[in-house]
Amino acid sequence: MKIAILSRNRSLYSTRRLVEACEQRGHEVHVIDTLRCYMNIASNSPEIHYKGENLVGFDAIIPRIGASITFYGTAVVRQFEMMGVFSVNESVAITRARDKLRSLQLLSRKGIGLPITGFAHSPDDIQDLIKMVGGTPLVIKLLEGTQGIGVVLAETRKAAESVIEAFLGLNANIMVQEFIKEAGGADIRCFVVDGKVIAAMKRQAAEGEFRSNLHRGGTPELVKITPQERATAVKAAQVMGLNVAGVDLLRSDRGPLVMEVNSSPGLEGIEKSTGKDIAGMIVSFIERNAKPNRTRTKGKG
Ligand code: ADP
Ligand code: MG
């Protein structure tokens, strides 16, 4: 097959591993810089051009769209879909997953366990918003944040009020969330491919830090997940309409709670901690599913 990896940087671990996995399985693989694609939509035969060439003959794409280029990146994925090219994750699902509020609303509609979460626009409603999520300590998050940046733990009501006020004053979109203390600074990353959890790791935050992101000094560890955690991760990926997803869970006293669902989960931490060939499993998923015009819109919203 002829497979394109949409990635801005071919030297990233995830990109390199996907290239390797494609080649090992005898496929022709191209790494394409998403932002260098330009498109012709004013015709009934959609095209994508790349550095002066017309991209033709691809059977599948693996979108690795960074959070900072979601808007343009999903437009490129959509264009491939219009050309009938199979995408590992469809554009609508990527867009859905990038909006934390929209994701939580969709997940809650399907009864998936979530931390109590509130959001507001007006600073006048801060007091009540804090009450709504059960008071302090609480977590305040920028909706567009990634890698732990823009996630703040406010331990007292005064601290919560001033941080929320400051964010709203900057016109930032935020949500306010119950702090799951019993998670002990750890979360569980479940790597879902094609409706199955194929690998899982626990990420433990560094000493004195509550955010377990590997970029914030968290350490990946092997973990055995419970059947309930497995089922929750599978359901969350399904509701989001993602074939490949990194579902992050917090272990709470009332069971697993979904914190977020990632549409371009990194491969490095999970492959190194589990020793599994995740890239190979993604390519094998493509082999089983990439037929022309096979990308369907799954889920709603
Ligand atoms: P990002 O998209 O920046 O990774 P997350 O929502 O995943 O933002 O939060 C980053 C980290 O902060 C999580 O991995 C988790 O360790 C911690 N965290 C986030 N929300 C909560 C919460 N409600 N309770 C406890 N810890 C949390
Ligand atoms: Mg996260």
Side-chain angles (χ1 to χ4, degrees), residues 14 65-70 94-108 112-119 129-130 132-155 159-160 163-164 167 172-192 200-221 223 225 229 232-233 236-237 240 242 245-270 273:
S14 302
I65 309 293
S68 58
I69 63 154
T70 301
I94 300 171
T95 308
R96 237 182 241 137
R98 281 295 152 76
D99 181 337
K100 291 190 188 201
L101 272 184
R102 183 177 178 184
S103 303
L104 291 182
Q105 286 174 323
L106 284 167
L107 295 169
S108 86
I112 292 171
L114 304 168
I116 301 170
T117 305
F119 55 103
L129 186 70
I130 293 176
M132 225 166 74
V133 301
T136 51
L138 54 77
V139 176
I140 300 154
K141 294 186 191 183
L142 285 174
L143 292 195
E144 303 83 18
T146 71
Q147 304 182 342
I149 299 163
V151 179
V152 182
L153 174 62
E155 312 219 44
V163 175
I164 297 172
F167 276 147
N173 283 313
I174 55 161
M175 64 191 191
V176 176
Q177 200 166 65
E178 152 194 30
F179 176 53
I180 309 300
K181 188 163 187 289
E182 62 270 26
D187 71 352
I188 311 285
R189 158 62 58 94
C190 296
F191 207 105
V192 180
M201 65 173 165
K202 179 173 167 176
R203 294 177 299 195
Q204 182 66 53
E207 192 66 33
E209 170 63 74
F210 79 103
R211 297 166 300 177
S212 59
N213 301 68
L214 302 183
H215 287 94
R216 301 264 75 73
T219 347
E221 296 167 16
V223 70
I225 59 169
E229 286 166 346
T232 303
M240 300 300 294
L242 292 167
V247 181
D248 294 342
L249 304 174
L250 287 171
R251 282 182 164 165
S252 83
D253 291 341
R254 55 179 198 275
L257 305 179
V258 174
M259 204 170 34
E260 65 174 347
V261 184
N262 203 308
S263 59
S264 292
L267 299 185
E268 186 165 10
I270 193 95
S273 61

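Numbering of ligands and ligand atoms starts at 1, following listing order.
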Query raised in the report: Picking from V151, V139, L153, what satisfies side chain to side chain contact (heavy atoms under 4.5 Å, CB included) with R211?
Result: V151
Report summary line: atom 15 (C) of ligand 1 has as its nearest protein heavy atom M259 SD, 3.7 Å
Report task. Select one of side chain, backbone, both or neither to describe which atoms of I180 lie under 4.0 Å from any atom of ligand 1, heavy atoms only. Result -> both
Query raised in the report: Taking non-hydrogen atoms only, is R211 closer than 4.0 angstrom to ligand 1 via side chain, backbone, both or neither?
Result: both
Requested in this report: Check whether any side-chain heavy atom of F179 lies under 4.5 Å from a side-chain heavy atom of T136, and answer yes or no.
Outcome: no
Query - Option among L257, V133, V258 that satisfies the side chain to side chain contact (heavy atoms under 4.5 Å, CB included) test with P115 - result: L257
Report summary line: atom 9 (O) of ligand 1 sits nearest the protein heavy atom V151 CG2, 3.8 Å
Query raised in the report: Do M240 and L107 have side-chain heavy atoms sitting under 4.5 Å apart?
Result: yes
Query raised in the report: Which pair of non-hydrogen atoms, one from S264 and one from R98, has the smallest distance, and what is that distance?
Result: OG-NH2, 4.0 Å
Requested in this report: Distance to 0.1 Å, residue and atom name: give those for the protein heavy atom nearest to atom 11 (C) of ligand 1.
Outcome: N213 OD1, 3.3 Å
Query raised in the report: Which option out of S212, A183, G148 puts a heavy atom nearest to atom 16 (O) of ligand 1?
Result: S212
Query raised in the report: Looking only at protein heavy atoms, which one is nearest to atom 7 (O) of ligand 1, and how far off is it?
Result: E260 OE2, 2.9 Å
Query - Any side-chain heavy-atom pair of F119 and Q105 under 4.5 Å - result: yes
Query raised in the report: Does any N, O or S atom of D248, backbone or side chain, fall under 2.8 Å from the Mg ion (ligand 2)?
Result: no
Requested in this report: Could you find the nearest protein heavy atom to atom 20 (N) of ligand 1 and give me its residue, atom name and distance?
Outcome: K141 NZ, 3.1 Å
Report task. Indicate, as side chain, backbone, both or neither, the part of E178 found under 4.0 angstrom from ligand 1 when only non-hydrogen atoms are considered. Result -> backbone
Query raised in the report: So with a 6.0 Å cut-off around CD of E207, is the heavy-atom count from everything else above 12?
Result: no
Query - Option from L101, L129, I140 for which side chain to side chain contact (heavy atoms under 4.5 Å, CB included) with M175 holds - result: L101
Requested in this report: Quick one: do E182 and I180 satisfy side chain to side chain contact (heavy atoms under 4.5 Å, CB included)? Show the steps, please.
Outcome: CA-CA 6 Å; E182 62 270 26; I180 309 300; 3.8 Å; yes
Report task. Look at atom 17 (C) of ligand 1 and say which protein heavy atom is nearest, naming residue and atom and giving the distance to 0.1 Å. Result -> F210 O, 3.7 Å
Query - Shortest-distance N, O or S atom of E260 relative to the Mg ion (ligand 2) - result: OE2
Query - Nearest neighbour of atom 22 (C) of ligand 1 from the list I188, L250, L214, I149, on a heavy-atom basis - result: L250
Requested in this report: Show which atoms of ligand 1 fall inside a sub-4.0 Å distance from at least one heavy-atom site of D187.
Outcome: 14 (O)
Query raised in the report: What do we get for D248 next to ligand 1 when only non-hydrogen atoms under 4.0 Å count, side chain, backbone, both or neither?
Result: neither
Query raised in the report: At a 4.0 Å cut-off, with the gap strictly under it, does some heavy atom of K100 reach an atom of ligand 1?
Result: yes
Query raised in the report: Does the distance from a Lys or Arg side-chain N to an Asp or Glu carboxylate O, for K202 and E229, drop under 4.0 Å?
Result: no
